[in-house]
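Below is one structure, written out as structure tokens, with a few remarks after it.
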Amino acid sequence: MCPYGSCCKFPWVFPLKQRQTSRTQCFGPTGHNHMHRYETAFAAEAAAALDLPIDNIQGHVRVPEPERGDFSLPCFPFAKALGQPPVKIAQTLTEKLSQSQRFAVAAAGPYVNATIHPEALLATLIPEVRQLGDRFATSDTGQGQTVIIDYSSPNIAKPLGFHHLRSTMIGNALTRILGALGYTVKGLNFLGDWGKTFGLLAAIYQRKGQRDRLEKEGIAYLLELYVEANREREANPSFDDIARALFKRMEDGDTDALELWQLFRDISLKEFQRVYTRLNVSFDHYEGESDYRDGMDALIETISATAGTRIDQGALVVDMPYGENEPPMMLKKSDGATLYATRDIAAAKDRWQRYAFAKSIYVVGGEQKRHFEQLKRALDAMGDAWQERMVHVSFGRVHGMSTRKGNVVFLEEVLDEAVERAREKMTAESSGRDIDIDKVSEEVGIGGIVFGDLKNLRTSDYNFDWEDILNTKGFSGICVQYAHARCSSILHRAGGAPGIDAYDPSLLVAPEEVALVKEIGRLPAAVLAAAEGFEPSRLARAVYEVARAWNRYQQAGNADKTLRILAEDDALRTARLALVDAARIALKQGLLLLGVAAPEAM
RNA sequence: GCGUCCGUAGCUCAGUAGGAUAGAGCAUCGGCCUUCUAAGCCGAGGGUCACAGGUUCGAGCCCUGUCGGACGUGCCA
């Protein structure tokens, strides 16, 4: 149990911008969050010494550069309340905390720096992590609450492009992360399978489509048709009218038109699922806009009766307040066909009825920001206050993807290239080791791509660059996987990990050992931060830091033989192996929550 | 034009709530493998945080303006 203040519910049924409470929270009844617990302890000790409320202190605690310590407290903010200069406060505080059981405290000008006495940390964290195993960094704070995540959601009839990776992997990581925090998570793949595009596709297919090519080439042929349809449309504007009419026939339930649509859909879905399998991504439900094609009239009636609708330039729009120069939310085009906005309202209401969600997350690109704002506003105008629980988790664009054939880089093309490189590397270097090259090169190649995506802040754009995407050095998934493989390999060589309590923590005194333990202890807070901000990169960075700390420790044994993990001395070896096992668990858990495989050898 | 977001090392990006000497990776240069897998480790160089004002004890971060970029701006999704 957390000794400092009461444990609280996971924060988030309030907007992200209000993050005032997150720092003071404990992470679930098991309290397995050591570094955060120490931070709270430091704030509590400082608060007691200064006779100020802990809430005034905790927000100011920083993590400084490692040489300065583990936590740092600038004293400027208290100068006014205490009527003393910051430097004086820092001195007084340092004197009062000199007897601290947990920290070595030192004043540095107006700052107070605290370094954890490592003994207790080493004695408790390592067995705790090992005891928890695959429950490390999880909690049950979300228990009883359902979160639905709409992600990937490609349009059918086009292969997955590299840019689809973002929604797919961010959504997948959030699914895993929120699941680890105890939420009931439902992953939805909401296919763009309805709309004028399919009228366009059907029109071109009726004109020149070849059934045998469609069956043989699948989605690649659909793409070719799509490109041709667009060419035709530019050359001949009346083709657009034909397409529109054809889609209207689909909406009206015309069997022939629908049969063609169904065929396109089946072919696309089969292709998508093959890629999802490679990415180790799965959904609870495949749905699509087409699921909502029937209820449109009733829905529009409801909207008219609540928010209100009006005819604007021949189209039906939602009658609600708009900003200046803002286009209205359109429900029906002037030809009477519905638009995606209408179907999104239907889907949102349906999801609320099915799940009564705590959060409904849409992992969709930033281009659709206004659409989601309008969607929420329209629902609000209809009296659906639960729209506050909907979150648009937007992400940045991928630029510069027209490098190879055509206009997009296909996702599988990138995956294949990465897997091939991993295979070459392993074939060249792993002789003598017992490795399933096929399996591991797939895990390493794809893991590198996935991690490479997730390490970026989700809102920033990024440039597609083959060399950059396939880079396996430095801050990459490979580095983390490699660290995990090395931990596993050393444990294997030692004949397995020691018993959980069969080690003497006082033998772990090297700075590299203490540093590694601290990085492991920071992981749970990173999982929580990732969930809170819907930001997997928080976790990616934290797990990379664990890998670096591990690599430093492991390499230290090369320069200094007394630091070798497999030491001659039994007790020393056992203690070090316990640490390696804890590191292994942390690395594996971090990778898994990001949706990246953790091979045991590479 | 208007709206939203962005501008940090040669390149790609972090920088958490305004706090110490602005950090990583790539690239460059220099070290480290007869002993736990070098996809690694250590070190060096590299910055007017776009520009100009303002608020503050303190600004990469907050405010205003300028320049530059991305996205959006009704019958696509």
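The chains referred to below are lettered A, B, ... by the order of the sequence lines, with proteins before strands, and numbering in each begins at 1. The figures that follow rest on heavy atoms only: side chains count, while hydrogens, waters and symmetry mates do not.
- Atom name P, nucleotides B/rG43 and B/rG23: the rounded distance is 14 Å, in whole Å.
- Looking at heavy-atom distances under 4.0 Å, A/N113 makes contact with a base.
- Stacking here means ring centres nearer than 5.5 Å and ring planes tilted less than 30 degrees, and by that measure A/Y111 does not stack onto B/rG19.
- Between the C1' atom of B/rC13 and the CG atom of A/L457 lies a distance of 9 Å, rounded to the nearest Å.
- Relative to the side chain of A/F76, the nucleotides B/rG74, B/rC76, B/rC57 differ in distance, and B/rC57 lies closest.
- A/A601 comes within 4.0 angstrom of a base, heavy atoms only.
- Residue-level contact check: A/R486 touches the bases, meaning some heavy atom is under 4.0 Å from a base atom.
- As a whole-Å value, the separation of A/W466 CH2 from B/rC26 C1' is 19 Å.
- Atom pair A/Y553:OH and B/rC36:P shows a separation of 15 Å (rounding to whole Å applied).
- Counting any heavy atom pair closer than 4.0 Å across all strands shown, A/R576 reaches no nucleic acid atom.
- Both tests pass for A/R293 against the ring of A/W194: distance under 6.0 Å to the centre and angle within 45° of the axis.
- No contact: A/N456 has no heavy atom under 4.0 Å from any strand.
- Among the protein residues, A/H399 comes within range of the sugar-phosphate backbone only, with heavy atoms under 4.0 Å from sugar or phosphate atoms but none that close to a base.
- Among the atoms of the strands shown, only primed sugar atoms or phosphate atoms (P, OP1, OP2) are found under 4.0 Å from some heavy atom of A/R397.
- Applying the Watson-Crick and G-U wobble criteria (two distances, each under 3.5 Å), B/rC32 pairs with B/rG40.
- Checking the phosphate oxygens (OP1, OP2) of B/rA27, a side-chain nitrogen or oxygen of A/K473 falls inside 4.0 Å.
- Taking atom CG of residue A/L454 and atom C1' of nucleotide B/rA14, one finds them 16 Å apart after rounding to whole Å.
- Contact annotation for A/N558: base contact, defined as any heavy-atom pair under 4.0 Å involving a base atom.
- Using a 4.0 Å heavy-atom distance criterion, A/P86 is classed as making no nucleic acid contact.
- Among the nucleotides B/rC36, B/rC75, B/rA24, the one closest to the side chain of A/R564 is B/rC36.
- As rounded to the nearest Å, B/rU55 and B/rU64 have C1' atoms that lie 11 Å from one another.
- Looking at A/S167, its side chain never comes within 3.5 Å of a backbone N or O of A/H164 through a donor-acceptor pair.
- Contact of A/N471 with B/rA39 (side chain to base): no donor-acceptor pair of N or O atoms is detected under 3.5 Å.
- Note on A/R423 versus A/E420: salt bridge recorded, some NZ/NE/NH1/NH2 to OD/OE distance being below 4.0 Å.
- Two rings, from A/F71 and A/Y111, have their centers 6.0 Å or more apart.
- Summary of the strand contacts: A/K425 and A/L73 both lie near RNA chain B, and taking for each the nucleotide with the nearest heavy atom, the more 5' one is attributed to A/L73.
- Salt-bridge check for A/E417 with A/R421: passed, with a basic side-chain N closer than 4.0 Å to an acidic carboxylate O.
- For B/rG72, the OP1/OP2 oxygens have no side-chain nitrogen or oxygen of A/R370 closer than 4.0 Å.
- Contacts of A/E326 with the nucleic acid, taken as non-hydrogen atoms under 4.0 Å apart, are absent.
- Residue contacts for A/A485: at a heavy-atom cut-off of 4.0 Å it reaches a base atom on one of the strands shown.
- Closest to the side chain of A/Q555, from the set B/rC75, B/rC41, B/rA20, is B/rC41.
- The residues A/D240 and A/K196 are annotated as salt-bridged, a charged nitrogen and a carboxylate oxygen being separated by less than 4.0 angstrom.
- Closest to the side chain of A/R548, out of B/rC76, B/rU73, B/rG25, is B/rG25.
- Taking atom P in both B/rC29 and B/rG19, one finds a spacing of 37 Å when rounded to whole Å.
- A distance of about 14 Å separates the P atoms of B/rG58 and B/rA20, rounded to the whole Å.
- Taking the side chain of A/Y544 as heavy atoms from C-beta on, and the options B/rC36, B/rC76, B/rG25, the nearest nucleotide is B/rG25.
- Contact annotation for A/G557: base contact, defined as any heavy-atom pair under 4.0 Å involving a base atom.
- In this model, a side-chain donor or acceptor of A/S72 finds a partner on the base of B/rA20 within 3.5 Å.
- Checked for salt-bridge contact, A/R522 and A/E519 meet the test: a charged N lies under 4.0 Å from a carboxylate O.
- Put simply, the side chain of A/T197 and the base of B/rC76 share no donor and acceptor less than 3.5 Å apart.
- Here B/rU16 presents its P atom at 15 Å from CD of A/E39, a figure rounded to the nearest Å.
- As rounded to whole Å, 12 Å separates atom P of B/rA14 from atom OH of A/Y462.
- No contact: A/M329 has no heavy atom under 4.0 Å from any strand.
- With RNA chain B read from its 5' end, the first of the two nearest nucleotides for A/L566 and A/K80 is the one closest to A/L566.
- B/rC67: glycosidic angle beyond 90° from 0, hence anti.
- Nucleotides B/rG7 and B/rU66 have their C1' atoms positioned 14 Å apart, rounded to a whole Å.
- Rounded to the nearest Å, the gap between the C1' atom of B/rG60 and that of B/rA14 is 12 Å.
- The listed nucleotides are B/rC71, B/rU37, B/rG74; the one nearest the side chain of A/E367 is B/rC71.
- Within the structure, every side-chain polar atom (N or O) of A/K369 is placed at least 4.0 Å from both OP1 and OP2 of B/rU73.
- We find that NZ of A/K455 is positioned 8 Å from C1' of B/rC13, with the value rounded to whole Å.
- With a 6.0 Å cutoff to the six-membered ring centre and a 45° limit on the axis angle, A/K455 counts as a cation-pi contact of A/F475.
- At a threshold of 4.0 Å, the pair A/E251-A/K248 does not count as salt-bridged, since none of the basic side-chain nitrogens sits closer than that to a carboxylate oxygen.
- Considering only side-chain N and O atoms, A/S489 lies under 4.0 angstrom from the phosphate OP1 or OP2 of B/rU37.
- At the phosphate of B/rA14, OP1 or OP2 sits under 4.0 Å from a side-chain N or O atom of A/S460.
- One finds no side-chain N or O of A/R493 lying less than 4.0 angstrom from the OP1 or OP2 phosphate oxygen of B/rC36.
- Rounded to a whole angstrom, the distance from the P atom of B/rA70 to that of B/rC76 is 26 Å.
- A/E324 comes within contact range of no nucleotide atom at all, as no heavy-atom separation falls under 4.0 Å.
- Checking B/rU21, B/rC36, B/rU37 against the side-chain heavy atoms of A/I565 singles out B/rC36 as nearest.
- Aromatic ring pairs are classed by plane angle as parallel below 30°, tilted from 30° to 60° and perpendicular above 60°; the pair A/F190 and A/Y292 is tilted.
- Atom CG of A/D434 and atom P of B/rU37 are 14 Å apart (whole Å).
- Pair check for B/rC2 finds B/rG72; Watson-Crick or G-U wobble, both atom distances under 3.5 Å.
- To the nearest whole angstrom, the two C1' atoms, one in B/rG45 and one in B/rG10, are 12 Å apart.
- Between the side chain of A/R62 and the base of B/rA20, no donor-acceptor pair under 3.5 Å is found.
- A close approach under 4.0 Å does not occur between any side-chain nitrogen or oxygen of A/R541 and OP1 or OP2 of B/rU16.
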